[in-house]
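These figures come from a predicted structure and were not determined experimentally. Each chain gets a letter, A, B and so on, in the order its sequence line appears, and its residues count up from 1.
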Amino acid sequence: MRWFWLTFFIVCPIAAVVFCVIAPGMDWWFPSEAGSPLGERIDSLFNLILYIVTGTFIGTQIALVYVLWKSSKKDDERAWFSHGSHNLEVIWTIVPAGILLFIALYQMDVWAEYRVVSKFPKEARKAPVAEVMARQFEWRIRYPEPGRILQIQQQPTDLYAVNELIVPAAKPVMIYLKTQDVQHSFFLPELRVKQDAVPGQIIPVWFEATEPGEYVLVCAELCGWGHYKMGARVVALAEEQFEAAMEELAEEQSDDGFADAGDSDDE
Amino acid sequence: MRHSHNGVLPVSIRRKSNILFVLACGFLLAGCDAFSPPDAEFVVREETDQLTSDVSKAVEEELESSFGNPHQLVAWLKLPVDFGGVTGATEESTLEGPLNKFPVKFDPEADDKFVAQFQADDGGFNFGESGARLDWMTGEYAGKSMHVIGYDSESQQLTTKEKVEVPPAAGDTFVLSAGETLKSGRALYMEHCLHCHGVSGDGNGPTAQYLNPRPRDYRLGQFKFKATKPAEKVRQEDLGRVIKYGIPGTYMPSFLLLADEDLHAIVEYVRWLSMRGELEYRVDQELVLASGLTNEIIAERKSDGDEDAEIQEEVDEAVAYMPTMFDELGDQLAESWLLAEEEESLIVPAVARVEDSFESRARGRKFFLEKCTNCHGHKGRGNGSMTEDFQKDEETGELYAEPGLFDIWGNSIKPRNLTKGLYRGGRRPVDLYHRLYGGIGPSKMPNFATTDPKILWDTVNYVLHIPFEKPGEYTEVDKEYFESKKKSGGDEDKAAEQEATPTESEQTATGSTESSDQG
Ligand SMILES: [Cu+2]
């Protein structure tokens, strides 16, 4: 039996290590590549923690196998009980605490840049692109008229959309996140953005889509029976296309149904 | 293309002589495959239930044969619904039987549909394991179906599983995969709409009880947000817009991410449900109001001494007449839904939008004072005097138990609070113009189809500006309006005038879209 456990505790960590090494290359379990610069940094933090955890895992497994291996040879020797060892307890308190402290400090600037408004990229902070209002069960979007700055208060010239947030690509953009009813969560998995929308609050959120394209926007807070309906999209467009899209929206919104119908056949 | 009208299967044309001919105009669609929901059933209207049992059974049977049930839909070709499928006709050929190959020509728009539906990635055609169903519409095989298993794009020949002795004649028409759109509409409806709007479109799905306003009951064939003239039905495009963009201020969310063909399929399914419901409603109206064949009325007559035999005769007559009644009412229904899609039904402003200036808005304000304040209130807050009066139910002629306004579905409703900047039917100027010109029939907002279009535009400008109105902005305008009223006599406006004069504490709420606008 002892040989079984010995082999078991050798094979498991080896298999785990092998999976750890080949998984990213095979694209198993890992989120696809981040679509934003900050997302890449978040991913590198994730990877760092993964390395630390993998290292710890391998280390403890080696120690475990060593103990099993050593004691399997000696039938008559009594085990050494370490319970209550002051020195050992100091060591395994200080070492993990040190690692955690390191992680906490190391991720500080990414955290700050992601959450602390004064650390947001300046150009994003200066000109929020839209207000995103979550409600059961959709995303209502309000843009400023092209050439104007988004105001907290609704303006007569504002433009409105639903379930499609258009932003310029390759530049940091900021939105104001609100909710009309319960708590929702603004989640852009590809851009590594997740922010709760809290009733009564206006929460600035920034992100940057490196490449033009469509990104998934979903609600990540179970908000009611229609939670699953809150699928939407963020469309990142090259700067001039973004401007054209806004112009188009402005035009659509001022549609008076007259010009496109030509001569009317109204009574 | 030759159309002979003798096929059983596709005939949407009414049989002329045989009144008792049961409408076999539909064809059954294949079963529900993956999306078969457990015990999904079309509910029966209350009015149908109140009919005497023979008659209500006849109504239910006729509904079943014209529309089927949720598991087995019937495409009644009389109705102007795009049921889906690829239509075409056979071409002249020298081939002789027994054979299973026919040269065909698809109808103009059907070509793309055919390719989209059946072409495989490798360029070949794939008709599934058991082949795609082909229904003959006319000719020798009218009413029969076959299964297509192959297509040669070179010779444009379809191969069927079945071999026939006599090849179909040139010009015989067929539908391939009939009802595809309706079927996919059903699957999508079940997924996205059913939990509020219900299997039958009665607005009574499992989540409906939690909602205010209640989900729409389609079964009167009436919809609030449409771009057609007051008397006309809703257009496909209007329903499409509602589904795509949702209705702010209600629980109807946006389904923007649906693919175009999915959106189309849902719209068609909703229209079909609506036609089904409306037909049942109209039949009931006829049987209840004109014929008086309800249990209640019959019991009364019996107690008044009417002979059983006499009543039974009437009942039998009604039952026998049922197919014809469905047929005739179906024709009327089809016509009205078709008409909605005609260009002449669309409201097109006769003039371009009047420039949004203070002068224009002031004119709009005057119109508003004259026509809108009873419901929408003097400040547009939706608190006009009508909301506190008892209104009369037009159907029963009695007053409602609660004060305030009611829509045609009997739900208590509130006039829109226009200070919120929430526009359920869309916020484009043309949307508001449609609301004014066409009214909102089901909620009894009157239409202003005969009003000068310029004044309507002024009113649109005014209404769009209400959320941004500054206190006292229209004091002068109001004063002028009430003075001119006074001059022309009548002092009933005095109370209104007092209400309209702004006070210090009253400030128009601006830009608060957060508060949900119920009702
Ligand atoms: Cu949500």
**Study point:** Contacting region of B:T207 [heavy-atom separation from chain A under 4.5 Å]
**Key:** side chain
Review point. Using non-hydrogen atoms only, which part of A:R135 is less than 4.5 Å away from chain B: side chain, backbone, both, or neither?
Key: side chain
**Study point:** Closest approach of A:V162 to B:S254 (non-hydrogen atoms, all atoms of both residues)
**Key:** CG2-CB, 3.5 Å
Exercise for review: Mark yes when over 12 heavy atoms from residues, nucleotides or ligands other than A:E252 sit less than 6.0 Å from its CD; otherwise mark no.
Suggested key: yes
Exercise for review: Check whether more than 12 heavy atoms from other residues, nucleotides or ligands sit under 6.0 Å from atom CD of A:E33, and answer yes or no.
Suggested key: no
Check your understanding: Is there side-chain contact between A:Q154 and B:F468, with at least one heavy-atom pair below 4.5 Å?
Key -> yes
**Study point:** Gap between atom CZ of A:R140 and atom OH of B:Y245 - 0.5 Å precision
**Key:** 11.0 Å
Practice item. Answer yes or no for B:R427 and A:Y160: cation-pi contact, defined as NZ/CZ to six-membered ring centre under 6.0 Å and angle to ring axis within 45°. Key: yes
Review point. Which distance, rounded to the nearest 0.5 Å, do you find between the CG of B:L257 and the CD of A:E138?
Key: 12.5 Å
**Study point:** B:E341, CD atom: more than 12 neighbouring heavy atoms under 6.0 Å
**Key:** yes
**Study point:** Exercise: identify the closest heavy-atom pair between B:P349 and A:G257
**Key:** CD-O, 3.6 Å
**Study point:** Minimum-distance pair of heavy atoms, taken over all atoms of A:F258 and B:A350
**Key:** CE1-O, 3.4 Å
Exercise for review: For each of B:H192, B:H195, B:H465, tally heavy-atom pairs with chain A at distances under 4.5 Å, and name the one with the top tally.
Suggested key: B:H195
Study note, to complete from the structure: Highest number of heavy-atom pairs under 4.5 Å with chain B among A:P199, A:A161, A:P156, A:S254 belongs to A:P156
Check your understanding: Atom CG in B:L258, atom CG in A:N163: separation rounded to 0.5 Å?
Key -> 10.5 Å
Point to revise | For A:R41, salt bridge (charged side-chain N to carboxylate O under 4.0 Å, His left out) partners two or more places apart | key: A:D109, A:E113
Check your understanding: In terms of heavy-atom contacts, does CZ of B:F358 have more than 12 from other residues, nucleotides or ligands at under 6.0 Å?
Key -> yes
Study note, to complete from the structure: Test salt bridge (charged side-chain N to carboxylate O under 4.0 Å, His left out), reference A:D255, set B:R353, B:R428, B:R241, output is B:R428
Practice item. Counting only heavy atoms closer than 4.5 Å, note whether B:H434 contacts chain A via side chain, backbone, both or neither. Key: neither
Revision key, fill the gap. For residues 219-235 of chain A against chain B, heavy atoms under 4.5 Å, the residues are A:W225, A:Y228, A:K229, A:G231, A:A232, A:R233
Check your understanding: So which part of A:Q155 gets closer than 4.5 Å to some heavy atom of chain B, the side chain, the backbone, both or neither?
Key -> backbone
Check your understanding: B:P248 versus chain A, heavy atoms under 4.5 Å apart: side chain, backbone, both or neither?
Key -> both
